[in-house]
2 protein chains.
Amino acid sequence: MDQRVKKKATIYDLSVLSGSSPSTVSAVLNGTWRKRRIKESTAQTILGLAELHQYTTNLQARGLRRSRSGLVGLMLPVHDNRYFSSMAQTFEGHVRSRGQCPVVVSASRDPEEERRTAETLISYSIDQLFIVGATDPDGVHEVCEPAGLRHINIDLPGAKAHSVISDNYEGARMLTEAIIRRFSNDDPLRPDELFLFGGRNDHASRERIAAFHATKKALLGTDPDDGVQSSGYSPDITLRAFEAFYQSRGKLPRALFINSSINMEGLLRFMAGRPAEMFSELVVGCYDYDPFGSFLPFPVIMVRQNVEAMITKAFELIDEPPTAPQTFLIAPELIQPRSALKGPLDSLKDIA
Amino acid sequence: MDQRVKKKATIYDLSVLSGSSPSTVSAVLNGTWRKRRIKESTAQTILGLAELHQYTTNLQARGLRRSRSGLVGLMLPVHDNRYFSSMAQTFEGHVRSRGQCPVVVSASRDPEEERRTAETLISYSIDQLFIVGATDPDGVHEVCEPAGLRHINIDLPGAKAHSVISDNYEGARMLTEAIIRRFSNDDPLRPDELFLFGGRNDHASRERIAAFHATKKALLGTDPDDGVQSSGYSPDITLRAFEAFYQSRGKLPRALFINSSINMEGLLRFMAGRPAEMFSELVVGCYDYDPFGSFLPFPVIMVRQNVEAMITKAFELIDEPPTAPQTFLIAPELIQPRSALKGPLDSLKDIA
DNA sequence: TTCGCTTGCACAATCGATGGTGCATAAACT
DNA sequence: AGTTTATGCACCATCGATTGTGCAAGCGAA
């Protein structure tokens, strides 16, 4: 511990110490030494020295030479949300089990930021990119393609690369049906008592809205065309949508289809400061699963997207030889109110 | 678009195209060209060509040369949790505003994994490392130090580098007091009706438990020594703790101090399948804030740690010249039940 | 002894960008 | 005119690891 910062040992240092050439040292340390017919004893010497001097490979140098970095990227819209954070958690497990290094970044649903972020990751020669919930997946594709970067869309599909998404139509159909069936035959839900809040003009929202309409029509006969209040993926805009609705009608609907947990937070904001009784008769369906959301003081039926299956499928696809872009649907699961499901954290070692 | 993968343009390509030397091209593209007295017109030519050929710097090469990468690392225990995911979200904003690239990874609260992860990040020459909630911060320090990597502890303190943590004692004091005061004088809470679940032998838990005991003693006179059920940071262990408690006493306590939102998920698991009425009289304090958790069917008083302030402080410290390690306390905030607070997502551009 | 094959390793180019140094040419000054 | 100073840029070593190629020593066979 002489110097404050003793420079890290390199293959050149070990080369001098061992009396072998740098190339031999390199081969020994990266495991290709048998192929290069290095003597066992030479290898052992070098490995011993490496250990002794705490050698670690400079991955930037290796990356530069190999033009691959060992990094695998996950681009999320945002971190702060249980759907996406469970995506990150699951992704990390997969990447680590392959001996690579996961890198998670968010791009705020901003197409420009998405492209810039992809550019940056490419500049670090990441090996693969998983694009989750991108606003403009094809824009990101245009950046990845010329760089030869393997990539795949998750959650929101693109036209130019494989996509693995949740079966939004079926999920929304189940959810809508479950909401409607939640009401007894004595006092059934009327079509104008069920509204959808949230979503914008992306593939997932469109599918969900379509299923919402179709299922309402199928089960309730009709579907008034003002049943959808788009409010993007912003709690605050959703809050304002609820306030506007409440303002104009004097009450909330009896039942809500909420497009995502982020929009659900808009409902929470609406609830804050208002009496709990106001919501005691409410029935909510939420397209996303959040364990705490499942235990609110009114029934919340949720849809859990199968993150594990999506990530697994995505890893399968990204390694395959390229074919024409396809979209793969993963079935989501309907979750009854008051359910506390296991998540990716449960596969971690428990320590008390 | 001739080739499938047309190689990215390098400074050498631009050098040939522009008739300037690679070093000139490099200087122009990295902005140091005025310092190197490059003619304005030469610079413009090169910049034009760079634009035309979509040049982007190979950051691995730059990183190798400069032995800095422009990457800033955040090491979390886990992603899938609103406290840590809001940490990630906030961190990203700060790093991006400094023109660097955030990299978020998790290390599962495993000391070995924490060190390995730090090693890996160092191999990529990251510029700074923010270590959040590490089980063994000083172990990570031992890895960072010899590499000359600036690093700082957040959430859980270490002895060998600056730490920015939440004021756990004060937070737990406020929370315990708030729980107790929640009960009316007609039917006040007895000392043996308030239990703490969760936590393990880390600094945060110790502080919180100390404050819990002290506050109980101060306000309720005594504090039975079995008032604490350690159950780590695992929903399932916490679930088992609740089951065991319930098994042996036939009921839950009237009031609970829950050490973190992860432990709170253990309570959810206990609730699942049990009648809601069983919990209607319960009062819960949770050391962590989760918007959905705030609206459960019983009062949940929460403590929100000031993530923004912690990250801001950490960025201040990490840039300063090194001094003897200090720990900085950031005041957390008591959050009344049924509060839907703004979070880091709210500073994103809202799009409907 | 000589040819040929295997073994074991060294050499050197390369990945792309950076930055210290030095050298022309031009402008300014005595 | 001769010297100094400024301008504009090229050259080259370097960061650390990888990998194709080549070559000497050793050994067996002819």
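In what follows, chains are A, B, ... by sequence order, proteins preceding strands, each numbered from 1. We use all heavy atoms of the structure for the numbers below, so side chains are in, but hydrogens, waters and symmetry mates are not.
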message: Just N and O in the side chain of A:Arg65: are any of them under 4.0 Å from OP1 or OP2 of C:dT14?
response: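 Looking at the OP1 and OP2 atoms of C:dT14, neither is under 4.0 Å from any side-chain N or O of A:Arg65.
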- prompt: Just to confirm, is there a sub-4.0 Å distance from OP1 or OP2 of D:dT18 to any side-chain nitrogen or oxygen of A:Tyr12?
  reply: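 No, outside the criterion.
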task: Check every atom of C:dC15, C:dA17, D:dC15 against the side chain of B:Ile11 and return the nucleotide holding the closest atom.
output: C:dA17
- request: Run the salt-bridge test on B:Arg96 and A:Glu113 with the 4.0 Å N-O cut-off and return the result as yes or no.
  value: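 Salt bridge flag = yes for A:Glu113 with B:Arg96.
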Whole angstroms only, please: what is the [atom1]-[atom2] distance between [X] and [N]?
X        : N      : atom1 : atom2 : answer
B:Lys39  : D:dA10 : NZ    : C1'   : 14 Å
A:Tyr124 : C:dG16 : OH    : C1'   : 14 Å
B:Leu59  : C:dC15 : CG    : C1'   : 14 Å
B:Asn58  : C:dT14 : CG    : P     : 17 Å
A:Leu64  : C:dA17 : CG    : P     : 9 Å
B:Gln60  : D:dT14 : CD    : P     : 22 Å
B:Arg66  : C:dG19 : CZ    : C1'   : 10 Å
B:Arg62  : C:dC15 : CZ    : P     : 19 Å

query: Tell me, which of residues 30-38 of chain A have any heavy atom that sits under 4.0 Å from an atom in DNA chain C?
result: A:Arg36, A:Arg37, A:Ile38
Side chain to side chain contact (heavy atoms under 4.5 Å, CB included) partners of [X], counting only residues at least two apart:
X        : value
B:Pro344 : A:Asp80, B:Ser86, B:Gln89, B:Thr90
A:Arg115 : A:Pro111, A:Glu112, A:Asp136, A:Val143
B:Thr120 : A:Leu59, A:Cys101, B:Tyr124
A:Ser21  : A:Ser23, A:Thr24

- request: Output every pair passing side chain to side chain donor-acceptor pair (under 3.5 Å) with a member in residues 154-164 of chain B, not counting sequence neighbours, ordered by first then second residue.
  value: B:Tyr83-B:Asp155, B:Glu142-B:Lys160, B:Asn153-B:Ser163, B:His162-B:Thr323
query: Which pairs count as ring-ring contact (aromatic ring centres under 6.0 Å, His included) when at least one residue sits in residues 92-123 of chain B, sequence neighbours excluded?
result: B:His94-B:Phe315
task: Keeping to residues at least two apart or across chains, list the ring-ring contact (aromatic ring centres under 6.0 Å, His included) pairs with something in residues 21-70 of chain B.
output: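 Qualifying pairs: none.
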message: Nearest heavy atom decides the nucleotide; on that basis, is B:Thr42 or B:Ser67 closer to the 5' end of DNA chain D?
response: B:Thr42
task: Return the 5'-most residue of the pair B:Ser41, A:Leu29 with respect to DNA chain D, ranking by each residue's nearest nucleotide.
output: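 Of the two residues, B:Ser41 wins.
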- prompt: B:His141 and B:His151: side-chain hydrogen bond (donor to acceptor under 3.5 Å, both in side chains), yes or no, with the steps?
  reply: CA-CA 8 Å; B:His141 168 90; B:His151 57 289; 2.8 Å; yes
message: Could you report the tightest heavy-atom contact between B:Ala309 and B:Ile330, atom names first, then the distance?
response: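 Scanning both residues, the minimum pair turns out to be CB-CG2, 3.7 Å.
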Give every donor-acceptor pair under 3.5 Å between a side-chain atom in residues 126-134 of chain B and any protein atom, sequence neighbours left out.
unit_1   : atom_1 : unit_2   : atom_2 : d
B:Asp127 : OD1    : B:Ser69  : N      : 3.0
B:Asp127 : OD1    : B:Gly70  : N      : 3.4
B:Asp127 : OD2    : B:Gly70  : N      : 2.9
B:Asp127 : OD2    : B:Gln100 : NE2    : 3.1
B:Gln128 : NE2    : B:Asp319 : OD1    : 3.1

message: Listing request: all salt bridge (Lys or Arg N to Asp or Glu O under 4.0 Å) pairs with a residue in residues 10-35 of chain B, at least two apart in sequence or in separate chains.
response: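 Output for this query lists B:Arg34-B:Glu40.
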Atom pairs under 3.5 Å: protein N/O with N/O of nucleotides 24-27 of chain C:
none

- request: Using heavy atoms and a sub-4.0 Å distance, could you list which residues of residues 20-28 of chain A are near DNA chain D? By number, please.
  value: A:Ser23, A:Ser26
